[in-house]
There are 2 protein chains.
Amino acid sequence: MSRAGRDLLLKAARGERAGATRKRLLDAGLKLISSKGYLGATTKDIAKKAGVAELTLFRHFSSKEQLFQEIINSYTFLPALKGLMPEIKELDYRDALLLIAEKFLGRLSERRDLIRIMHSEMHLYPARVKDIYHNFVGEVYKTLASYFKDLQDSGILRDFDPEYGARAFLGMFFSYFTVRELVLKERSKPSDEQKAITEFVDIFVKGSAA
Amino acid sequence: MSRAGRDLLLKAARGERAGATRKRLLDAGLKLISSKGYLGATTKDIAKKAGVAELTLFRHFSSKEQLFQEIINSYTFLPALKGLMPEIKELDYRDALLLIAEKFLGRLSERRDLIRIMHSEMHLYPARVKDIYHNFVGEVYKTLASYFKDLQDSGILRDFDPEYGARAFLGMFFSYFTVRELVLKERSKPSDEQKAITEFVDIFVKGSAA
DNA sequence: TGATAAAGTAAGTAATTACTAACATTCAGA
DNA sequence: TCTGAATGTTAGTAATTACTTACTTTATCA
């Protein structure tokens, strides 16, 4: 093993503690900002929740705002619907939409903290809010519109604007999630969510079929 | 004119200036809290925007929180969809839904500040957020579900859960409004909104008809 | 003009917050 | 054990915020 190689390994080992601390700060920041808002979540509380001294927070991030930016950067990316398309194309139309709805709601749930931040911080950080939105919904929406277009080209769906159709479809579930999860804060039973999925999908399927 | 009568008139005249000041404070509070959030909107800024001294704000409201509560109380109530039902019942199903969608989006627009507050303050004031939601959407949702039930009973609509149907329908437009207006902050052209209305309504009509 | 309600100016209080400085301690690896 | 990175404790700074006090001015009406 070369000397340069050993130095690299040494650095990596030394950096692990700092990396774990940084991760804890990002997690704690996400949780508290999502539950109290950016202004309501103090650096003192975030540090406490992360189990570190407040000064350590400022050793890792030059400011509260930079912590916030890193939180958004770290948690926004999500696996793409695109990767699911091969599987979806094997299903009949109704089953495909059931799967898409289920996956979409699942993704929203996984990232409920970020969705909450998206809603609460639109006045303070409009640009970041747009980023969150586009990272989440923008790609799904485009992929879905493209899927509708394909099905229209093969005569399975009637003629409607695929982009507006995608917007309507995702909007039903996005609204369902937002109202249930963020506004009313009711953890719905799986059976309620399942019913919403089938009812909404059935309306959409019948409304879009050729 | 009796002495008691004259005293009442005198009081009314004297109170008019205070009433106007109070109204200006409520208006300014609504605007600033909706654009900066509750914590981000300072009493100093609100008073300034209302054109009064900060002390005057505290003469009218015992605290910032009480001002906020009065803002919610003052602006939440809206004319009911119920009052439109006679007119809606005279229309055929598609036209009725077009009208409902249009009115619903119009109402959301009229109260965009309050909807924005509903989204941004859910962590600080969950109970008030629920109030806003129920005052806005709750009544519309119930009236619409009832309308669907009636149409099912007379065989015009197929068998689906009317409450979930109402949720899906309103959800499409609620989501459309939220994303356009609050997240992306794009003032859409009337033609874009009109297209969304017709596309969404058509999907729903075809998906719910018998 | 006098009386009173409503509002203004100026100054201040107490608490909080993001952030910093100085010194000390802990942890990990050789 | 030594070294250096990472972190902790203590204390503090400067600014901000909701709210208050004291005195003054303005507006309205009879």
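Only heavy atoms go into these numbers, but all of them, side chains included; no hydrogens, no water, no symmetry mates. Numbers restart at 1 for each chain; the letters A, B, ... are given by sequence-line order, proteins then strands. Just so it is clear, the model here is predicted, and its values are computed rather than measured.
The side chain to side chain contact (heavy atoms under 4.5 Å, CB included) test applied to A:A96 returns A:I88, A:L91, A:Y147, not counting sequence neighbours. Under the rule for a ring-ring contact (aromatic ring centres under 6.0 Å, His included), A:F174 has no partner lying at least two apart in sequence or in another chain. With sequence neighbours excluded, no residue satisfies ring-ring contact (aromatic ring centres under 6.0 Å, His included) with B:F104. In terms of the ring-ring contact (aromatic ring centres under 6.0 Å, His included) criterion, residue partners of B:Y125 (sequence neighbours excluded) are, by chain and number, B:Y38, B:F68. Under the rule for a side chain to side chain contact (heavy atoms under 4.5 Å, CB included), the partners of B:E102 that lie at least two apart in sequence or sit in another chain are B:Q194, B:I197. For B:A28, the side chain to side chain contact (heavy atoms under 4.5 Å, CB included) criterion is met by B:I46, B:K49, B:A50, not counting sequence neighbours. Remark: B:K103 pairs with B:L84, B:L99, B:R107 by the side chain to side chain contact (heavy atoms under 4.5 Å, CB included) rule, at least two apart or across chains.
The salt bridge (Lys or Arg N to Asp or Glu O under 4.0 Å) pairs that include a residue from residues 63-73 of chain B are B:R22-B:E70, B:E65-B:R128, where partners are two or more places apart or lie in different chains. Evaluation of the ring-ring contact (aromatic ring centres under 6.0 Å, His included) test over residues 48-67 of chain B, restricted to residues two or more places apart or in two chains, returns none.
With hydrogens and angles left out, the side-chain atoms of A:Y176 and A:D192 include a donor and acceptor closer than 3.5 Å.
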Quiz item: Which nucleotides of nucleotides 13-22 of chain C have their base under 4.0 Å from a protein heavy atom (B), which only their sugar-phosphate (S), and which neither (-), written as one string 5' to 3'?
Solution: ----SSBBBB
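Proximity of residues 21-34 of chain A to DNA chain C (heavy atom under 4.0 angstrom from any strand atom) is not detected for any residue.
Taking five base pairs at each end of the helix from C:dT1-D:dA30 to C:dA30-D:dT1 and finding the rotation axis that steps the C1' atoms of four pairs onto the next four gives two axes whose angle is 20°, to the nearest 10°.
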